[in-house]
S.K.: 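I have a structure here, written as C-alpha cells, and I will follow up with some questions on it.
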There are 2 protein chains.
Amino acid sequence: MTLNNHTKKALESLKSSPLKTTKQRVDIIKILFSDGNNHFTAENVHNKIENLGLNISLATVYNCLNQLTENNIIKSVKTSCNKIYFDTNTTSHHHFFCKNSSTLIDIESKNIKISKLPKIPNGKKLDSIEIVVNLTE
Amino acid sequence: MTLNNHTKKALESLKSSPLKTTKQRVDIIKILFSDGNNHFTAENVHNKIENLGLNISLATVYNCLNQLTENNIIKSVKTSCNKIYFDTNTTSHHHFFCKNSSTLIDIESKNIKISKLPKIPNGKKLDSIEIVVNLTE
DNA sequence: ATCGTAAATTAGAATTATTCTAATTTAGTA
DNA sequence: TACTAAATTAGAATAATTCTAATTTACGAT
C-alpha cells in the first residue's frame with residue numbers, strides 16, 4: 001500500500017505537531033487523505049474504519065478529528081444540516097452545499113470574489129468569511 | 001401596551017397565513033418583534049416568556065418558531081455554534097457572527113457584494129448564498 | 001532496553017438542541 | 001353552540017457531540 005502525497009504530507013504534519021503519533025491517528029489520516037473525497041463527518045470516518053475491519057471508538061474518532069483540526073492538519077466546516085464536516089483541504093476556500101444530498105463541494109478562493117464588505121463593528125475584528133452557496137437538484 | 005409597527009405587521013401576516021391565531025403565537029410574535037434585537041434562539045424566547053410570567057411550553061415555542069419561519073413571518077439562521085437563531089428580518093441579507101459572544105448582526109444586502117461566482121455544478125441549481133463574516137473581539 | 005509519566009484511547013454515560021408522541025385543549029367555521 | 005382539524009402540552013426520544021474515569025500507550029529520560 002503506497003501512500004499518496006497528501007497522506008504523506010499529513011503524516012509529516014502530524015509528526016511535527018505536538019500530537020503523539022498513535023496507530024489510531026495514523027489510520028484516520030490514511031483514511032481521510034487517501035480518498036478522492038475531501039469531506040467527512042465523524043460518522044463517515046467511523047464507518048470506513050469498521051468496513052476496513054479496524055477498531056477505533058467513535059470517541060477517539062471525534063477526539064482525533066478535533067485535534068487534527070486544532071493543529072491545522074484538516075479543517076472543519078459547519079453546515080446547515082447541523083453536522084460538522086471535516087475537510088482535508090486546509091487552504092482558504094468556500095463551499096457549495098447541496099441541500100438534497102447533503103454534500104459539500106469546494107469552491108476555490110480564486111473562483112469567488114467579494115467586492116464590497118461592510119464596516120466591521122467597533123471593537124471587533126475580522127476573523128474569517130464563510131460563503132456557502134446552497135444548491136438544490 | 002401599544003404595539004410597534006413591526007409587531008402589527010407580523011400579527012397581520014399571521015392572520016393572513018393559514019396558521020390559527022392562538023394566544024401563544026400572538027405572545028411569541030409580540031416578544032420577537034417588540035424587542036430591538038432581531039435574533040433569538042428558541043431558548044431565548046422561552047426565557048422571555050417565563051420572565052413575563054407567561055406559560056408556554058418549550059415544544060410550543062419550537063413549533064411556533066418553525067411555523068412562523070415556514071410562513072415567512074420570520075427567518076431562521078444556522079450558525080457555527082450549532083444553534084438555530086430566528087431572525088425577524090425577513091429580507092435577503094447576511095450576517096456578522098461574533099464568535100466570542102455568539103451574537104449575530106445583520107449585514108444588509110446592499111452592503112456586501114459578490115462580484116464573481118463559480119459555475120454551478122451540472123444538474124444543480126442555485127438556491128441561496130449565505131455569507132457569514134466571523135468576528136472576534 | 002526499560003521506566004515513568006503525560007497523553008491518548010475507550011466504553012458508555014451525559015449533554016445539548018431539537019423533534020416526536022399521544023393525550024388534551026382550542027380556534028374558528030358550520 | 002357544536003364540531004373538527006389544528007394547536008398545545010409534558011415528557012420521551014433522537015441525533016450529534018462531548019465528557020468521565022479507568023485503562024493503555026508513546027516516547028523522552030534513565
Side-chain angles (χ1 to χ4, degrees), chain A residues 11-31 39-50 54-71 73-87 97 102 104, chain B residues 11-31 39-50 52-71 73-87 97 102 104:
Chain A
L11 290 172
E12 278 164 33
S13 300
L14 174 63
K15 202 160 283 174
S16 58
S17 80
L19 300 176
K20 290 188 175 168
T21 302
T22 64
K23 182 180 183 313
Q24 289 86 340
R25 283 177 181 155
V26 171
D27 285 343
I28 287 171
I29 283 178
K30 284 181 184 167
I31 285 168
H39 303 103
F40 300 89
T41 63
E43 252 216 303
N44 292 160
V45 175
H46 194 239
N47 286 152
K48 294 208 170 224
I49 285 164
E50 303 218 305
L54 300 170
N55 231 26
I56 305 178
S57 78
L58 186 57
T60 299
V61 172
Y62 272 104
N63 287 344
C64 177
L65 292 172
N66 285 334
Q67 281 169 318
L68 295 180
T69 302
E70 279 160 28
N71 288 275
I73 299 170
I74 60 177
K75 262 192 167 182
S76 75
V77 190
K78 294 254 178 82
T79 63
S80 53
C81 70
N82 260 3
K83 277 182 204 164
I84 298 173
Y85 279 76
F86 294 90
D87 190 343
F97 181 65
S102 284
L104 282 167
Chain B
L11 290 173
E12 278 164 33
S13 300
L14 174 63
K15 202 161 284 175
S16 57
S17 80
L19 301 175
K20 288 188 177 171
T21 302
T22 64
K23 182 179 181 315
Q24 289 88 338
R25 284 177 180 155
V26 170
D27 284 344
I28 287 171
I29 283 177
K30 284 180 183 167
I31 285 168
H39 303 104
F40 300 89
T41 63
E43 251 214 305
N44 291 160
V45 174
H46 194 238
N47 286 153
K48 294 209 168 221
I49 285 165
E50 303 216 305
L52 291 170
L54 299 171
N55 231 26
I56 305 179
S57 78
L58 186 55
T60 299
V61 173
Y62 272 103
N63 287 343
C64 178
L65 292 172
N66 286 333
Q67 281 170 317
L68 294 179
T69 301
E70 279 161 27
N71 288 276
I73 298 168
I74 61 179
K75 262 193 169 183
S76 74
V77 191
K78 294 253 177 82
T79 64
S80 53
C81 71
N82 260 3
K83 276 182 206 164
I84 298 171
Y85 280 76
F86 294 90
D87 189 344
F97 180 66
S102 283
L104 282 168

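Bear in mind that the values here come from a model prediction, so they are computed numbers and not experimental data. Just so it is clear: chains get the letters A, B, ... in the order the sequence lines come, proteins before strands, and each one is counted from 1.
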S.K.: Quick one: how far along DNA chain C does chain B reach, first to last nucleotide 5' to 3', anything under 4.0 Å to a heavy atom?
M.R.: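 Contact span on the strand: C:dA17 to C:dG28.
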
S.K.: So do B:Asp87 and B:Leu104 actually touch side chain to side chain, heavy atoms under 4.5 Å?
M.R.: no

S.K.: Quick check: on DNA chain C, is the nucleotide nearest B:Phe86 upstream (toward 5') of the one nearest A:Asn63, or the reverse? Name the residue that is more 5'.
M.R.: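 This one resolves to A:Asn63.
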
S.K.: Is any side-chain nitrogen or oxygen of A:Asn82 closer than 4.0 Å to OP1 or OP2 of D:dA15?
M.R.: no

S.K.: Can you tell me which residue among A:Ile29, A:Thr60, A:Leu54 is in a side-chain contact (heavy atoms from CB on, under 4.5 Å) with A:Gln24?
M.R.: A:Thr60

S.K.: With a 6.0 Å cut-off (strictly less than), is the heavy-atom count around CD of B:Glu50, excluding the residue itself, greater than 12?
M.R.: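 Enclosed.
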
S.K.: Would you mind classifying the nucleic acid contact of B:Thr41 as base, sugar-phosphate or nothing, using non-hydrogen atoms under 4.0 angstrom?
M.R.: nothing

S.K.: With side chains defined as the heavy atoms from C-beta onward, is the minimum distance between A:Asp27 and A:Ile49 less than 4.5 Å?
M.R.: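 They are not in side-chain contact.
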
S.K.: Under the 3.5 angstrom rule, does the side chain of A:Arg25 hit a backbone N or O of A:Cys64 as a donor-acceptor pair?
M.R.: no

S.K.: Could you state the atom-to-atom distance from CZ of A:Phe40 to P of D:dA16 in whole Å?
M.R.: 18 Å

S.K.: In whole angstrom, what separates B:Ile84's CD1 from D:dA16's C1'?
M.R.: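 Rounding to the nearest Å, CD1 of B:Ile84 and C1' of D:dA16 are 13 Å apart.
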
S.K.: Are side-chain N/O atoms of B:Thr41 and B:Asn44 paired as donor and acceptor at under 3.5 Å?
M.R.: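 Yes, a side-chain donor-acceptor pair sits under 3.5 Å.
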
S.K.: Taking CG from A:Leu19 and C1' from D:dG28, how many angstroms apart are they, rounded to a whole number?
M.R.: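 To the nearest whole Å, that distance equals 17 Å.
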
S.K.: Hey, which sits more toward the 5' end of DNA chain C by its nearest nucleotide, A:Val61 or B:Lys23?
M.R.: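 Nearest nucleotide further toward 5': that of A:Val61.
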
S.K.: I would like to know whether B:Phe86 and B:Asn66 meet side-chain contact (heavy atoms from CB on, under 4.5 Å); could you show each step before the answer?
M.R.: CA-CA 9 Å; B:Phe86 294 90; B:Asn66 286 333; 3.8 Å; yes

S.K.: Roughly how many Å is it from NZ in B:Lys20 to P in D:dA5, rounded to a whole number?
M.R.: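 Those two atoms, NZ and P, are 9 Å apart.
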
S.K.: For a quick test of reading the model: is some side-chain N or O of A:Tyr62 closer than 4.0 Å to OP1 or OP2 of D:dT17?
M.R.: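 Yes, A:Tyr62 has a side-chain N/O under 4.0 Å of OP1/OP2 on D:dT17.
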
S.K.: To the nearest angstrom, how far is A:Asn44 atom CG from D:dT17 atom P?
M.R.: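 Checked: the CG to P distance equals 10 Å.
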
S.K.: Within the structure shown, what part of the strands sits under 4.0 Å from B:Thr60 by heavy-atom distance: base, sugar-phosphate, or nothing?
M.R.: base

S.K.: Measure the distance from NZ on A:Lys83 to C1' on D:dT18 and round it to the nearest whole Å.
M.R.: 18 Å

